[in-house]
Amino acid sequence: DLFAGVGASLDTNNDLEVADDAIGFLVENADLDLAMLRVTDGRSYTAVEALFDTVAIRGLDGLGLDVTLGDFVIAYNSTSALSGNRLDWSAVTETPISLTSSEQLQVGGQVTLTVADFVQIRGGFAVSIFDDLTVTVAGTDIEKEVSVTSLGFEDVSVFVGAGPYFTGTAANPTTNPDAVGFLVNNADLALALFDPTSPTDTSSYYALSATLESVGPVGFDFGDSVVLEASGYRIELNGGTNGLTQAEEAIDFTKLDGGKLTVDTGPSSSFDFEYSGAFTQLAIDHVLLIIDDFVHIAGGFAFTKQQDYEAELTNGNTQWMDVVAFGASNVDIFVGVGPYFETTGDGVVDFTADPNPDAVGVAVESANFALVIMDPTSGPADLKYMALQATADFVGLVGIDDFRLAASDIVIEYNAALNSTTPDVVVKFSENPYPVDAGADELTINYATKLLRASVSSAELRISDYV
């Protein structure tokens, strides 16, 4: 244990005692390994590995500031040699330090920060810097040596407002029902930045994955007329810029050993980057919008943009494509005089219960949708390939006694080439099925040939007693 500041002393057993009004830094249960090596030609090497159960700032209560780090880890590897390699300490048997020559800095732990009960931050984090990584530019055979800076967050929650919102202890966390403010709940993030080690290469690359359980206001009463909720946010990015041409580029992580790059996001968590090309994806697992009893929209939605995708065509050729995909899953819609759906407490439609027979309007039940548009990277500018998959349990007008228009178990399938001189040549998805993120679910396009097909298990048109 270690205390630096005012208000601490050692008791008769030489145990550290810290007064309640002490001011300073408190470190508990610290382990430290330090190694230094000097070569006869003057070069020196230094490595540090340290683990702290707790690092806390004491004595700032009067300022409303509380900062505590748990499971805090620091590792650092350096050399005095200019442009020289760091030492591989894992090969040195005289020290327990395990840093390799490519590892420069690692910092991580759990953080709790409170500022006057107005700002609260809780979660894990990790920062690392390493080099000697060889990567491949997506869609090419070009390899580059890069240095990597990574930043990760694990189960991070942030509250801003009139709090505190987080109460209790780490072992028994609770929340304050009277808190009013804005909450970001259970966020995970992995970010990696890549810089070529060659001084003549000014290219830069990045990869990002972020998930967020929920975000929004807490403690506000908007009444029952409008409900807007969302959960399960996901963002994924892979990209970069060529320093010479300024063209968009990305790293193909599948070409690395193991087919991925692992980035630490906390003391005991990590994320694997497995992108094969430039990639953008935005998704929400569940969205709920209710406006009085007139509008009810619920479901999951996702948008994906991918570059350098190699697709096989039905004529046996392959073609590099840029891909845009949109997916939606478990979508329920009602517009009219309702409510129409019976829902659970979190707004999810309960399909075990019959809809409200008195509702009048337009209803869509359990719809799923996947649209894929592929743009060849070479060839005619207006050539596009499109695939569509759409299903719904029910679509129709409800509650109008003298008029009924409805269909159930609807399936629409489409696979075609647009503006093509060979319209029968389309993408052969059966050889490499294309997954479409649709929010909470994933849909798969696997058509083998050109296709336009629609089916309905039952349909009804009724106009009073005439039709």
Side-chain angles (χ1 to χ4, degrees), residues 1-5 8 15-18 22-35 46-61 65-78 89-90 95-100 102-115 119-130 148-159 164-175 183-192 209-213 261-273:
D1 294 346
L2 170 68
F3 182 83
D15 293 328
L16 181 65
E17 286 187 342
V18 181
I23 300 175
F25 290 90
L26 174 64
V27 176
E28 296 179 308
N29 296 332
D31 294 315
L32 174 68
D33 292 309
L34 170 64
T46 303
V48 177
E49 287 184 339
L51 172 62
F52 310 93
D53 277 2
T54 304
V55 178
I57 302 176
R58 299 290 298 270
L60 300 180
D61 296 347
L65 181 64
D66 180 26
V67 182
T68 302
L69 298 174
D71 297 328
F72 188 51
V73 177
I74 299 177
Y76 181 65
N77 191 7
S78 68
W89 292 94
S90 65
T95 174
I97 291 177
S98 59
L99 290 168
T100 65
S102 64
E103 296 173 315
Q104 180 179 352
L105 175 67
Q106 297 173 359
V107 179
Q110 297 285 336
V111 62
T112 301
L113 170 66
T114 300
V115 181
V119 176
Q120 289 181 291
I121 302 174
R122 290 186 175 185
F125 71 98
V127 179
S128 64
I129 301 174
F130 60 95
V148 185
T149 301
S150 69
L151 171 66
F153 293 105
E154 170 197 20
D155 293 334
V156 172
S157 295
V158 180
F159 172 80
Y165 177 78
F166 301 110
T167 55
T169 64
N172 184 27
T174 58
T175 58
L183 176 66
V184 175
N185 196 33
N186 289 344
D188 295 323
L189 180 142
L191 171 65
S209 175
T211 62
L212 181 61
E213 182 178 302
L261 175 69
T262 301
V263 171
D264 290 335
T265 56
S268 59
S269 63
S270 61
F271 179 83
D272 294 331
F273 288 117

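Residue indices begin at 1 and follow the sequence shown.
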**Asked** How long is the span from the OG1 atom in T211 to the CG atom in D188, to the nearest 0.5 Å?
**Response** 4.0 Å

**Prompt:** Does the side chain of F52 come within less than 4.5 Å of N29's, by heavy atoms?
**Reply:** no

**Message:** The test is side-chain contact (heavy atoms from CB on, under 4.5 Å); show your working for Y165 and L183 and say whether it passes.
**Reply:** CA-CA 9 Å; Y165 177 78; L183 176 66; 3.6 Å; yes

**Request:** Mind listing the closest non-hydrogen atom pair of N186 and S157 along with its distance?
**Result:** N-OG, 3.1 Å

**Prompt:** Step by step, would you call E49 with S98 a side-chain contact (heavy atoms from CB on, under 4.5 Å)?
**Reply:** CA-CA 9 Å; E49 287 184 339; S98 59; 3.2 Å; yes

**Message:** Please evaluate residues N77 and Q104 with respect to the criterion side chain to side chain donor-acceptor pair (under 3.5 Å), reporting the C-alpha separation (whole Å), side-chain torsions for both, the decisive distance (0.1 Å), and the verdict.
**Reply:** CA-CA 5 Å; N77 191 7; Q104 180 179 352; over 6 Å; no

**Asked** Where do Q110 and R122 land on the side-chain contact (heavy atoms from CB on, under 4.5 Å) test, with the steps shown first?
**Response** CA-CA 8 Å; Q110 297 285 336; R122 290 186 175 185; over 6 Å; no

**Prompt:** Is it the case that T174 and T167 place a side-chain donor and acceptor less than 3.5 Å from each other?
**Reply:** yes

**Complete:** When every non-hydrogen atom of L189 is compared with those of L151, the smallest separation belongs to CD2-O, 3.8 Å

**Message:** Check the orientation of F125 and F72. Use parallel for under 30°, tilted for 30 to 60°, and perpendicular for over 60°.
**Reply:** tilted

**Asked** Is there a donor-acceptor pair under 3.5 Å between the side chain of Q120 and the backbone N or O of F166?
**Response** yes

**Request:** Run the numbers on L26 and V55 for side-chain contact (heavy atoms from CB on, under 4.5 Å), then give the verdict.
**Result:** CA-CA 6 Å; L26 174 64; V55 178; over 6 Å; no

**Asked** Can you tell if the side chain of E154 reaches within under 4.5 Å of the side chain of S268, non-hydrogen atoms only?
**Response** yes

**Prompt:** Checking T68 side chain against T112 main chain: does a donor-acceptor pair fall under 3.5 Å?
**Reply:** no

**Prompt:** Between S270 and D264, do the side chains contain an N or O donor and an N or O acceptor separated by less than 3.5 Å?
**Reply:** no

**Distance in Å, L69 CG paired with D53 CG, rounded so as to fall on 0.5 Å steps** = 12.5 Å

**Request:** Report yes if some heavy atom in the side chain of V119 is under 4.5 Å from a heavy atom in the side chain of F159; otherwise report no.
**Result:** no

**Asked** How far does OG1 of T262 sit from CG of D272, to the nearest 0.5 angstrom?
**Response** 3.5 Å

**Fill in**
Per side chain to side chain contact (heavy atoms under 4.5 Å, CB included), L105 is matched among I129, T149, L99 by I129

